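What follows is a set of notes on a single structure, which appears directly below.
These numbers were taken from a predicted model, which means no experiment stands behind them.
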Amino acid sequence: MADPALRAVMARPFAEQVAAYRLRLGNLVPTARWDDISRSAHDRAFMVAGAAKADLLADLAMAVDKAISEGRGLDEFRRDFRGIVERRGWHGWTGEGTAGGEAWRTRTIYRTNASTTYAAGRSAQLREGGYEFWVYKHGGSRDPRPEHLALDGVTQPPDHEFWQKFAPPNGWGCSCYVLGARSARMARRLGGDPEKALPEGWDRIDARTGAPRGIDRGWDYAPGLSAVDAIRDLRPKLDHLPDRPSIDLIQDWLERPAFADWLRDPDGNWPLVRIPEADVKALGLAPSVRVADMSSETVRKQLREHPELTPRDYAQAQQVVSDPSHRVQDGPRSMVYIKEIADAETGGYVLVVKATGTGRGLFLTSFRRLSRDAAERDRTIRRHLRKGV
């Protein structure tokens, strides 16, 4: 059974944690040893020591993705691991051949990815939250490192150099974490001490590990800090991810206050929907183009012509595309999706996307509600259906 700290990390995965892990899915790195890549390189790459075949690595990556995004337990991940190893014929991996060895190896893969992506996601949340202080908290391990216990309660501003090296986790099995505080008083309520001095020689390098004392070799970086901005800039990978992770990320972003702020003052593009593969081919798009963006120019047009639309409406856009009542191709480059939804606010939606002339871009050109009046709604639908004749 997973320990309490690990259960806490995995039981309630959150969007930034999932996004931090999925940054790695676009860069599967074959390796022979655990330290073939190190430090912040892990923020943008997925690796399992000894897994050198692309199909094996892809299967392991998706098994970890399921564990993180769905909050699955270690036992289920172990079952997936055994199936992958048997199916792909992977032999010679460290831990193979004994129950104890397999338990150790699967727990290491599971926990390392869970804890580092949790830290990456939390870092994104903390920075977005604009806290005045960050508070280092010991995770309560049953066999604690004295150096980590000594840091419990350390309270420093987010830009202090301490966090560049000591943002947890700080080694294999470390369950330390960071809390944000808006004032010194709040930091104290969280168990922090703004007056607590850093241990003498805290940044002195241990010759054995190449890192400050108390940090395992290769862990002297802030897991996820280099990915904070990349989480916000994940757009280039959305087209290359599998459907479900890509759609989940888009939906999460649409439901956040940041999207509502962007609608009021748009700058650049915002990813809105992912279209089916069949429609990619029908529109003559490059195979790598799957996601339609909403440009700032289109948003301004939408605000003029359809001011009644809210962020909640835009969050329904993927449902319109994924499960349309009608789908009509309007010319070689344009696709119309119609979804009838009978509720108190709307009779449904009409959404139109258009491919660029090069086939390397896809944009929303129109999104609006259908009338709640049945006769008017039917007239609108018939008009669009005639375009596809």
Main-chain N/O of Ala292 paired to Arg274 side chain as donor or acceptor, under 3.5 Å: no
Approximate separation, where rounding is to 0.5 Å, of Tyr337 OH and Ser322 OG: 9.0 Å
Verdict with supporting geometry, Gln302 and Leu309, side-chain contact (heavy atoms from CB on, under 4.5 Å): CA-CA 8 Å; Gln302 290 284 113; Leu309 292 176; 3.4 Å; yes
Side chain proximity check, Val273 to Leu351, heavy atoms < 4.5 angstrom: yes
Greater than 12 external heavy atoms within 6.0 Å of Glu277's CD: no
Short side-chain to backbone donor-acceptor contact, Lys165 and Ile215, under 3.5 Å: no
ILVMFWY cluster, Leu74 and Phe81 together (side-chain gap under 4.5 Å): yes
is_close_aromatic(Tyr314, Phe367), centroid dist under 6.0 Å: yes
Exercise: identify the closest heavy-atom pair between Pro266 and Val299: CG-CG1, 3.9 Å
Test item: Thr298 side-chain N/O and Met294 main-chain N/O as donor-acceptor pair under 3.5 Å: no
Pairwise side-chain contact, Val280 with Pro287, heavy-atom cut-off 4.5 Å (strictly under): no
Arg333 atom CZ: more than 12 heavy-atom contacts under 6.0 Å: yes
Distance, nearest 0.5 Å, that separates CG of Leu238 from CD1 of Ile250: 5.0 Å
Single-linkage hydrophobic cluster, 4.5 Å side-chain cutoff, Leu179 and Val154 together: no
Basic-acidic side-chain contact under 4.0 Å: Asp243, Arg290: yes
Any Leu362 side-chain heavy atom under 4.5 Å of Thr356 side chain: no
Minimum-distance pair of heavy atoms, taken over all atoms of Leu283 and Ser334: CD2-N, 3.5 Å
Test item: Gln251 and Asp248 side chains (from C-beta on) under 4.5 Å apart, heavy atoms: no
For Ser288 against Asp239, the heavy-atom pair lying closest together: O-CB, 2.8 Å
Test: Asp330 and Lys354 ion pair at under 4.0 Å: no
Smallest separation among heavy atoms of Cys176 and Pro168, with atom names: O-CB, 3.4 Å
Derivation of the side-chain contact (heavy atoms from CB on, under 4.5 Å) call for Ile275 and Met335: CA-CA 10 Å; Ile275 68 171; Met335 193 72 71; over 6 Å; no
same_hphob_cluster(Val178, Leu190) at 4.5 Å side-chain heavy-atom cutoff: no
Student check: side-chain heavy atoms of Lys196 and Thr155 closer than 4.5 Å: no
Heavy atoms of other groups near Arg312 CZ, more than 12 under 6.0 Å: no
Non-hydrogen side-chain atoms of Trp134 and Pro157 separated by less than 4.5 Å: no
Greater than 12 external heavy atoms within 6.0 Å of Glu308's CD: yes
Rounded distance [0.5 Å steps], CG in Leu263 versus CG in Leu303: 7.0 Å
Arg189 atom CZ, over 12 foreign heavy atoms within 6.0 Å: yes
Within 6.0 angstrom of Lys137 NZ, more than 12 heavy atoms from elsewhere: yes
Cluster link Leu272 to Val289, ILVMFWY, side chain under 4.5 Å: yes
Joint hydrophobic cluster, Val352 plus Phe363, side-chain heavy atoms closer than 4.5 Å: no
Leu385 side chain reached by Val328 side chain, heavy atoms, under 4.5 Å: yes
Over all atoms of both residues, closest heavy-atom pair of Gly139 and Tyr177: CA-CE2, 4.2 Å
Any donor-acceptor N/O pair, Asp293 side chain to Ser295 backbone, under 3.5 Å: no
Donor + acceptor pair across side chains of Tyr136, Asp152 (<3.5 Å): no
Side chain His160, main chain Phe162, donor-acceptor under 3.5 Å: yes
Leu254 CG to Trp270 CH2 distance, which is reported to the nearest 0.5 Å: 7.5 Å
Close side-chain approach of Ser296 to Asp267, heavy-atom, < 4.5 Å: no
Point-to-point distance, once rounded to the nearest 0.5 Å, from NE2 of His306 to OG of Ser366: 4.5 Å
Distance, nearest 0.5 Å, that separates CD of Gln164 from CD of Glu161: 8.5 Å
Any donor-acceptor pair under 3.5 Å from Gln156 side chain to Trp163 backbone: no
CZ/Arg185: more than 12 non-hydrogen atoms of other groups inside 6.0 Å: no
Over 12 foreign heavy atoms within 6.0 Å of CZ, Arg182: yes
From CA spacing to verdict: salt bridge (Lys or Arg N to Asp or Glu O under 4.0 Å), Asp323, Lys339: CA-CA 7 Å; Asp323 186 28; Lys339 177 71 174 178; 2.9 Å; yes
Exercise: identify the closest heavy-atom pair between Gln329 and Gly331: CG-O, 3.0 Å
Donor-acceptor contact below 3.5 Å, side chain Arg360 vs main chain Leu285: no
Criterion side-chain contact (heavy atoms from CB on, under 4.5 Å) on Arg300 and Arg304, from CA distance to verdict: CA-CA 6 Å; Arg300 294 186 183 98; Arg304 289 194 305 271; 4.1 Å; yes
side-chain contact (heavy atoms from CB on, under 4.5 Å) between Thr380 and Arg368, worked out: CA-CA 11 Å; Thr380 300; Arg368 64 188 184 89; 3.3 Å; yes
Aromatic plane relationship, Phe259 with Trp262 - under 30° parallel, 30 to 60° tilted, over 60° perpendicular: parallel
